[in-house]
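Letters A, B, ... are given to chains in the order of the sequence lines, protein chains preceding strands, and every chain is numbered from 1. These numbers come from a predicted model, not from an experiment.
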Protein chains: 2
Amino acid sequence: MRIAVDAMGTDARPTPDVAGSVMAARERGDTILLVGPEDAIRRELEKHDTTDLKLEIVHTNQHILMADKPSIASKEKRNSTMHLGMTLVTEGQADAFVTAGNTGAAYAIAMLYTLRRIPGVMRPALSGIFPMNQLPVIFLDIGANSDCKPGWLAQFAQMGSIYAVNALKQEQPRVGLLSNGEEEGKGNQLTREADALIRTLPLHYIGYVEPTDIPRGNVDVVVADGFTGNILIKTFEAAASYLVDTIRDEIKASVLTSIGGLIARPAFQRAGRKLDTSEIGGAPLLGVNGVVIIAHGGSDANAIKNAIFQAGEAARSKVVDIIRDNIVQA
Amino acid sequence: MRIAVDAMGTDARPTPDVAGSVMAARERGDTILLVGPEDAIRRELEKHDTTDLKLEIVHTNQHILMADKPSIASKEKRNSTMHLGMTLVTEGQADAFVTAGNTGAAYAIAMLYTLRRIPGVMRPALSGIFPMNQLPVIFLDIGANSDCKPGWLAQFAQMGSIYAVNALKQEQPRVGLLSNGEEEGKGNQLTREADALIRTLPLHYIGYVEPTDIPRGNVDVVVADGFTGNILIKTFEAAASYLVDTIRDEIKASVLTSIGGLIARPAFQRAGRKLDTSEIGGAPLLGVNGVVIIAHGGSDANAIKNAIFQAGEAARSKVVDIIRDNIVQA
């Protein structure tokens with residue numbers, strides 16, 4: 001397996017990007033193509049023992065910044081690490097591409113300049129994978145398509161289910177449509193029309209699900225329009241960090257509770273690991289002609305390593321081919 | 001001030017409903033009209049010292065259940081505590097109505113059978129008030145209108161701002177429109193059109209806000225369509241309870257961390273109080289011809305008491321009249 005990695009993706013680029021690539025090459029033996037400025041990558045590689053590891057450098061000096069406007073950067077920075085990495089996939093020189101960079105730019109570059117849509121797919125979707133109670137839940141769209149048509153949501157359901165079966169190795173994943181209630185009459189016009197379409201597809205569709213069904217493990221694939229999906233993940237993050245900050249502040253507010261907090265520290269660390277998305281690493285951009293895994297900009301080396309593993313699973317399980325052969329326009 | 005209270009609203013009705021009413025009558029001296037079955041209410045009142053308190057009973061044997069379908073129950077149970085309580089407001093016998101019952105039914109009964117819309121208001125909105133960092137943030141619509149037009153959102157912005165100024169005593173509340181990003185080009189078609197309308201109104205409008213702006217205290221009035229708003233509050237609750245459960249489970253997982261957790265217990269209690277919505281009690285249904293405060297079905301007596309105080313503030317500050325005199329169709 002040959003996996004191209006954007007060496008200039010994370011906020012702390014290229015350190016975690018390269019370190020994670022070294023870890024992945026060591027643990028699984030795949031070939032990693034580091035895409036980015038050769039000198040900087042070499043300096044990072046010197047920090048590691050890379051003996052016998054299959055690491056190659058694909059040089060380019062251009063990369064896209066988090067602050068870049070996707071529509072402009074995707075058009076003007078044609079030699080960016082993202083353009084180059086995805087072109088390696090298009091040309092068959094790599095089996096997958098991993099980036100922790102600007103998500104909007106990755107979407108635009110994949111859609112408009114390199115991989116392009118799988119024939120039959122109306123709109124590719126950005127997904128997120130969350131380690132809820134240790135079981136991965138795939139959630140899409142989390143931000144690519146702010147205004148969706150019902151048929152797009154039906155395809156998100158198909159692509160998410162295919163990914164869950166093949167790359168996440170879930171038998172019969174339960175597919176749910178995010179809504180504001182599960183009773184009859186709930187939902188909005190979009191979800192009601194999408195619900196009717198999804199029912200016609202050969203999926204294990206369980207109907208409407210609510211936000212609380214996700215942490216409760218009641219659903220494996222959650223479908224939403226990109227606006228609502230983005231609000232959901234941002235709200236989840238905002239709530240979690242607000243809660244953690246509040247508890248931390250209160251623990252530090254007195255000597256006694258600080259001592260209690262210190263003693264209970266291993267529990268907080270275990271809880272942190274349970275909630276840690278770096279064990280998943282990244283999630284696929286589904287519906288384009290190649291495996292693209294997008295990791296968080298704040299990824300550390302471990303998260304990058306896991307994103308590379310995610311890319312390997314997706315490529316090995318031929319998710320893109322399976323989507324191409326099975327996608328239906330409902 | 002005369003405030004009607006649904007004695008059969010909470011999940012544990014009528015115990016917390018009556019106990020909270022007694023507390024409110026004692027602390028502020030307002031007259032509380034307890035609406036519900038006379039015998040059951042009397043039995044609850046006997047548990048308290050009600051000497052000199054202004055408590056009256058308005059008898060009815062009918063009430064709406066949480067499981068009732070709003071459209072059916074609002075039509076068929078015409079003698080329900082909600083119908084009666086809102087009719088007291090319509091007829092000027094009460095200044096406000098408080099219920100912890102079925103929200104959808106309360107909305108339908110207010111809109112279609114009793115209070116009805118304030119002239120000029122296109123759609124009433126359900127609001128939620130959250131005690132973020134001790135400052136109340138009012139958020140609307142949280143579930144009444146799943147499909148919204150841009151002009152409705154503009155009116156939610158006006159009503160929320162009027163409530164914040166008058167009932168929550170905030171000077172120049174910052175009004176934000178919930179979106180999936182603050183940069184140009186973010187949002188969906190609805191938010192883009194609503195944004196343009198809200199800019200024409202005499203509000204302290206700060207544009208798009210993201211979920212994280214709410215706990216960060218960057219906004220005082222948050223506007224969203226009822227579908228997205230409902231997803232946001234449910235996600236916040238789901239994330240908070242998932243996190244709390246995970247931390248609790250990990251603390252209990254070993255003897256040492258359990259001891260640490262016990263020592264740090266006051267900190268958890270303080271954090272819990274900071275996050276406790278019962279200090280707010282309830283939030284208004286805005287846009288109908290009278291003050292209706294809706295509390296959580298799981299409310300305890302303290303939450304009911306605070307919901308009654310919320311109702312008193314809203315009535316005293318003449319929020320309904322101010323909306324009637326100022327609402328603009330943008």
Open item on the list: If I take atom CD1 from residue Ile263(A) and atom OG from residue Ser254(B), how far apart are they, to the nearest 0.5 angstrom?
Closed with: 10.5 Å

Open item on the list: With rounding to the nearest 0.5 angstrom, report the CG to CG distance, Asn188(B) to Asp225(A).
Closed with: 7.5 Å

Task: Residues of residues 65-75 of chain B with any heavy atom under 4.5 Å of a heavy atom in chain A - done: Lys69(B)

Task: Approximate separation, where rounding is to 0.5 Å, of Lys234(A) NZ and Thr235(B) OG1 - done: 13.5 Å

Open item on the list: What part of Leu178(B) gets within 4.5 angstrom of chain A, counting heavy atoms only: side chain, backbone, both, or neither?
Closed with: both

TODO: Find the one option among Ser179(A), Gly226(A), Gly260(A) whose heavy-atom pairs under 4.5 Å with chain B are most numerous.
DONE: Gly260(A)

TODO: Please name all residues satisfying side chain to side chain donor-acceptor pair (under 3.5 Å) with Ser127(B), sequence neighbours left out, ordered by chain then number.
DONE: none

Task: Nearest non-hydrogen partners of Ala264(B) and Gly261(A), listed with the distance - done: CB-N, 3.9 Å

Task: Side chain / backbone / both / neither for Phe236(A) at chain B, heavy atoms under 4.5 Å - done: both

- [ ] Quick one: pull up CZ in Arg265(B) and OG1 in Thr257(A) and give me the separation to the nearest 0.5 Å.
- [x] 13.5 Å

Open item on the list: Counting only non-hydrogen atoms closer than 4.5 Å, does Asn230(A) touch chain B with its backbone (N, CA, C, O), its side chain (CB onward), both, or neither?
Closed with: side chain

Task: Distance, nearest 0.5 Å, that separates CZ of Phe227(A) from OG1 of Thr191(B) - done: 5.0 Å

- [ ] Please step through side-chain contact (heavy atoms from CB on, under 4.5 Å) for the pair Ile247(B) and Ile247(A), ending with a clear verdict.
- [x] CA-CA 11 Å; Ile247(B) 293 172; Ile247(A) 292 172; 4.1 Å; yes

Open item on the list: So, taking the atom named OH in Tyr242(B) and the one named OG1 in Thr212(A), what distance separates them when rounded to the nearest 0.5 Å?
Closed with: 11.5 Å

Task: Any side-chain heavy-atom pair of Pro211(A) and Ile231(B) under 4.5 Å - done: yes

- [ ] Measure Leu262(A) against the heavy atoms of chain B and call it side chain, backbone, both or neither at under 4.5 Å.
- [x] neither

TODO: Using non-hydrogen atoms and a 4.5 Å limit, figure out which bit of Glu210(A) sits close to chain B: side chain, backbone, both or neither.
DONE: side chain

Open item on the list: At a 4.5 Å cut-off on heavy atoms, which part of Arg192(A) comes close to chain B: side chain, backbone, both, or neither?
Closed with: side chain

Open item on the list: Strictly distance-based, threshold 3.5 Å: is any side-chain N or O of Asp147(A) a donor or acceptor partner for the main-chain N or O of Gln189(B)?
Closed with: yes

Task: Portion of Ser241(A) that has a non-hydrogen atom of chain B nearer than 4.5 angstrom - done: neither

TODO: With a 4.5 Å cut-off on heavy-atom pairs, point out which of Asn145(B), Thr228(B), Ile233(B) contacts chain A the most.
DONE: Thr228(B)

